[in-house]
Amino acid sequence: MIWATPGVAQDAAAGPVAPAQAPVQAPVQAPAQDSANTPAQAKVQADATTAVAPANADSGANQSIVVTGSRIQRPNTTSAAPITSVTSQDIRAQAAVNVEDVLNRLPQVAPDSQQTYADSDGRQRIKLRSLGFERTLVLIDGKRIGTQNGQDVGIIPATLLERVDVLTGGASSVYGSDAVAGVVNFILKKDFEGIQLDGNYNFYNHNNKDTVVSPLARAAGFNSVRGLTNDGGRADLTLTAGKKFFDGKLRISGFANYKHTDPVLLSDRSNTGCYLTQTSLNAPISCGLTPSSSTSGLVTPLSGANKDAQFVNNPNGSRTFVPFGAGPGNASNYFNNYSYQRPSERINAGGFVSFDISPNAELYGSGIWFRDKSYTNYPGIAGGNVQVNCNNPFLSGSQATAICGAAAGTATTAPINIAYRLGDNNDQPDTYLNTGARFTAGIRGKVGSAWTYDVGGVYARNHQDYTPTFVNSTRLQNSINVGGTLAAPTCATTADAGCVPFDAFSAGNTNPALVNYLLNTGTAVTTGTLYDVQANVTGDLGKYGITSPFAEQGIAIALGTEYRKDTLKSTADAAYRGALGGTDSYLKQDVWEANAELQVPLVEHKRFADLLQVNGGYRLSKYSSNPDTFNTWKVEGIYAPVSDLTFRASFNKAQRAPTVTEIRQATNIDFASGGAGTFSDFCAPTVTNGPNGVTFGAPVASRDVCRATGLSDALYGSQSLLCSNGTTPNGSAACTVRSGGFTAEPETAYTQTYGLIVKPRFVRGLFFSVDRYRIKINDSLGFNDYSYYTDGCQRSNGDAFFCQGIVRNPGTGTLFSNASTNPTTGFIRQGTTNYYTSIARGYDFQAQYTMDLATVGKIDWNFNGSLTTFAGGQDSPVQPQRNCAGYYGNGCGQLIPKWSHGLRATYTTVGRGFSASFNWRYVGSLTNADNSGDPAIGGTDARARTSYYRVAPQSYFDLALNFAIAKQFSLRLIANNLFDKNPPIVVDSYNVALARTNTIPSRYDSLGRNIAIGTTIKF
């Protein structure tokens, strides 16, 4: 559990230190490293500027104190900004395999569960306050983890963490303009001595019971599983070794880590037997039937009497057409082989070295390397617009007539759209291979008794190979134009010796040779690098007598300078570019920065002023990508009238330049990203396939809205606008979406936090804090997918700010184009660009209480809660502010409940031989924005939806047992989601959480009870 107290740093691993006995100015204690520690140990102080001595404080006088939130290395200082810490004992109690598992439980962190996100690129990122990972600065031991957008916290083995500090407030003046929402600082266990093996294996133990999905899935001809299952195994093994030489002056340690994750498919859970959807407001829920995934083959004539009719080859094997609809062999479950938990394999290795070259100087260095491979299967669909010859031997007479009319049996060609899933077992992977390395080096030490210095740098490199599977449109045309006879078919119009004739007009084609011929792969390669050099000095001016006459400590100062260079290189092979478009790029950006920080104790230990202190910070930044110079600053104050009560406030200003990745995302044009191939023109007629054929209804959007997109009144509702008439990058019958083509400008952020810390001396062991936060980002820079423009254009009744994102072809007004030609019209826009403002406001509550049971042991209570009062922003100057706190849908993608908390109670015996920890996680309710009653988020009527409009509050309970069997051996047994609670059902979940899981997997425990066994062995 996470906690926060206003006292100083305490022993994070050695014995239980009663927090009430630690005064604000208590000395720092050196934590011992005991592998058998229980999760109930006194934790690193969290509400202060966190400072702890190194694990072996006696090994060298130069080892710096690790401080989060300030460059001033004064260990006894109370922080003006809230800091939450997660200790190594907390991590063990969670049986965490990945770092994201640790942080996703924090109410201050927006869950970003890449492990259960089918479309993930395999990298793990952190988003504080749901303001985007590019606004959360991630550090390892106070230095940047790597490039801002290319970061992958999976590089850090969970078993190597000493603690994680989360500063949830602006810290740009200290660390740089990226720290808008806050800072996450991973403090690693270094200076290790001996050999230690940490192992952790967990799996899901879930009882699949029928849910609301089950009867619907079975009615559609899909399977819905039942019964107890054990799956989704995850293994994590870390070997750590270290040795000290020359009386402890030279310290060398290293680690090797291996992780393996087994897949869990959507078809393995009863709540994902099919994808739930509502076709209209308050319509009955049903299984979403995707025509393009039919294993019998979907054929749509694009001309003649049956234009736009959706035919499926008869599943009985006869060469006849039947209307598309539910039923075995007609519609297949498009998502059945999607990953609920992505399979992956990761290897990490690294080392640390430090050497005291003198009593006041230490050389240090580190290196971490990783390789991670993950993938998700997608249906192997041969699809696209082609010309089929009307004398094709695979066509029966009735089929030829349906497609070609009177030209049936002739060499005439007719246009069709084909979408054929070549068997459930021929799904194809999209693979991500991420590799990277991070190196640090420097020298730090003391100059006299007043000054410390640290001169060092970071080099980080992340490399990603993305290999998707796609249809080769040329080969599809070659294979569909068939000559010869039914018994001896040939490819009629190509000299390609490898061409495989495509029998697209009978059900159940799973020809492996055809799959290999039609479905090709290409690779896009992205490489990012960071060069970061820093020089920092801190001084205690009190040593020179520069001290307030009412204070005991002198003024402290920190001065620093920093140079950073980011590069991003993006290339792709010819196959990728030919199918998915885009261009190669090489971008770079560097910045020179200088910063200063002051800490001024004005009054200490006086009547009505136990502590009165002001802090200030200023940073000047010059980016090569912008002609202007940026400045960031902070002003902070701390006032404690008595030692029991502390008031604090922090005000920060940051101006953040776009990262090189954001610049690329903004400028680079790509027709394969995000929502490509999923949207239909809302000005085209709606299409209904019924027993009597195809019927056309009124468009979704009004005539006024369509006029605002540049469409003439004469084309409103025209069938020519149907995107099935065009060619899209993936060959599907949907409109073209273009990413990029924007200019990214800097954004300016203002953050405020102010709070109260209570540590009453009359209640020993109790700490409590409450903090208010307010964040506003002007000219907010972020990724807006196509729905930002389409939904906004409709909601605003034609506001030009949104409707400009819908770029029609001149004359025809259509929204489909050929990606390989890099078109300039005929698409919907999406990409990274500036919009108006982002806003986050709320309160954080944290508490800790230690109950001393004398000879029986003790119980530690730890609480962390967050109340979100505003999460959203303002899309344009003419639009009202959108507050999405507690809501989802209609563009409310933050998915932040108004209230969430965690409460952990841990019992520990006197000798620490056993501990039992019980954790309660609470996630507040979420309501569909349609029922918000707020027109700004589409809630015109609080009773608009009558079913599946609210996700009730969810409570999860975890139990962790720790046995310190011997000094060298400990055993952990853990059950997360102890009662195997099913996740709540969310209809149309992809529109809500970009997940086909009928829930929000990043927010809720979606796979069931998780059982873990872990051990630590020291040799």
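Residue numbers run from 1 in the order of the sequence given.
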Supply the atom-to-atom distance [X] [atom1] to [Y] [atom2], rounded to the nearest 0.5 angstrom.
X: Asp427; Y: Leu265; atom1: CG; atom2: CG; value: 9.5 Å
X: Phe335; Y: Arg996; atom1: CZ; atom2: CZ; value: 3.5 Å
X: Gln848; Y: Asn864; atom1: CD; atom2: CG; value: 12.0 Å
X: Asp424; Y: Asn337; atom1: CG; atom2: CG; value: 6.5 Å
X: Phe370; Y: Ile156; atom1: CZ; atom2: CD1; value: 11.0 Å
X: Ile187; Y: Asp141; atom1: CD1; atom2: CG; value: 5.0 Å

With the side chain counted from C-beta on, respond yes when [X] and [Y] share a heavy-atom pair under 4.5 Å apart, and no when they do not.
X: Leu568; Y: Thr527; answer: no
X: Asp268; Y: Tyr340; answer: no
X: Lys981; Y: Asp1005; answer: no
X: Phe255; Y: Ile368; answer: yes
X: Arg371; Y: Leu433; answer: yes
X: Val86; Y: Ile91; answer: yes
X: Ile145; Y: Gln151; answer: yes
X: Phe352; Y: Phe192; answer: no

Problem - From CA spacing to verdict: side-chain hydrogen bond (donor to acceptor under 3.5 Å, both in side chains), Gln108, Thr84 - result: CA-CA 9 Å; Gln108 295 81 7; Thr84 299; 4.5 Å; no
Does any N or O in the side chain of [X] come within less than 3.5 Å of the main-chain N or O of [Y], such that one atom is a donor and the other an acceptor?
X: Ser989; Y: Ala995; result: yes
X: Asn257; Y: Leu237; result: yes
X: Thr469; Y: Pro429; result: yes
X: Ser253; Y: Gly242; result: no
X: Thr87; Y: Asp90; result: yes
X: Ser970; Y: Phe963; result: no
X: Asp980; Y: Arg1009; result: yes
X: Arg421; Y: Ser332; result: no
X: Thr136; Y: Phe133; result: no
X: Ser354; Y: Tyr364; result: no

Practice task
Could you please spell out the steps behind the side-chain contact (heavy atoms from CB on, under 4.5 Å) verdict for Lys243 and Ile252?
Solution key: CA-CA 6 Å; Lys243 181 70 175 176; Ile252 301 175; 5.6 Å; no
Closest heavy-atom pair and its distance - [X], [Y]:
X: Ile140; Y: Arg438; result: O-NH2, 3.6 Å
X: Asn336; Y: Ser267; result: O-OG, 3.1 Å
X: Gly522; Y: Phe470; result: N-CE2, 3.4 Å
X: Arg342; Y: Tyr432; result: NH2-CD1, 4.0 Å
X: Leu895; Y: Arg1003; result: O-NH2, 2.8 Å
X: Val213; Y: Gly273; result: CG1-N, 3.7 Å

Pair [X] + [Y]: basic N to acidic O under 4.0 Å:
X: Arg269; Y: Asp231; result: yes
X: Asp372; Y: Arg346; result: yes
X: Arg163; Y: Asp165; result: yes

Practice task
Applying side-chain hydrogen bond (donor to acceptor under 3.5 Å, both in side chains), run through Ser900 and Ser866 and close with a yes or a no.
Solution key: CA-CA 6 Å; Ser900 59; Ser866 185; 5.5 Å; no
Aromatic ring pairing [X]/[Y], orientation class (parallel under 30°, perpendicular over 60°, tilted between):
X: His901; Y: Phe863; value: tilted
X: Phe918; Y: Phe957; value: parallel
X: Trp920; Y: Tyr922; value: perpendicular

Exercise for the section: Mind running side-chain hydrogen bond (donor to acceptor under 3.5 Å, both in side chains) on Ser344 and Ser374 for me, showing each step along the way? Expected result: CA-CA 4 Å; Ser344 66; Ser374 64; over 6 Å; no
Exercise for the section: Indicate whether the side chain of Ser224 and that of Ser270 have a donor and an acceptor atom separated by less than 3.5 Å. Expected result: no
Exercise for the section: Assess the side chains of Thr908 and Ser915: does a donor N or O sit below 3.5 Å from an acceptor N or O? Expected result: no
Problem - Residues Tyr1004, Thr997; criterion side-chain contact (heavy atoms from CB on, under 4.5 Å); working and verdict - result: CA-CA 11 Å; Tyr1004 305 108; Thr997 55; over 6 Å; no
Handout entry: Stepwise side-chain contact (heavy atoms from CB on, under 4.5 Å) check, Asp430 with Thr376
Key = CA-CA 6 Å; Asp430 277 11; Thr376 291; 5.6 Å; no
Exercise for the section: Decide if atom CH2 of Trp369 counts as having more than 12 heavy atoms of other residues, nucleotides or ligands within a radius under 6.0 Å. Expected result: yes
Problem - Candidates Asn202, Asn200, Asp262 - the one meeting side-chain hydrogen bond (donor to acceptor under 3.5 Å, both in side chains) with Arg234 - result: Asn202
Practice task
Let me see the working for Phe203 and Ile1011 under side-chain contact (heavy atoms from CB on, under 4.5 Å), right down to the final yes or no.
Solution key: CA-CA 6 Å; Phe203 62 93; Ile1011 295 177; 4.0 Å; yes
Problem - Step-by-step side-chain hydrogen bond (donor to acceptor under 3.5 Å, both in side chains) determination, Gln464 to Asn462 - result: CA-CA 7 Å; Gln464 182 181 90; Asn462 57 77; over 6 Å; no
Handout entry: By side chain to side chain donor-acceptor pair (under 3.5 Å) - contacts of Ser570 (at least two apart)
Key = Arg664
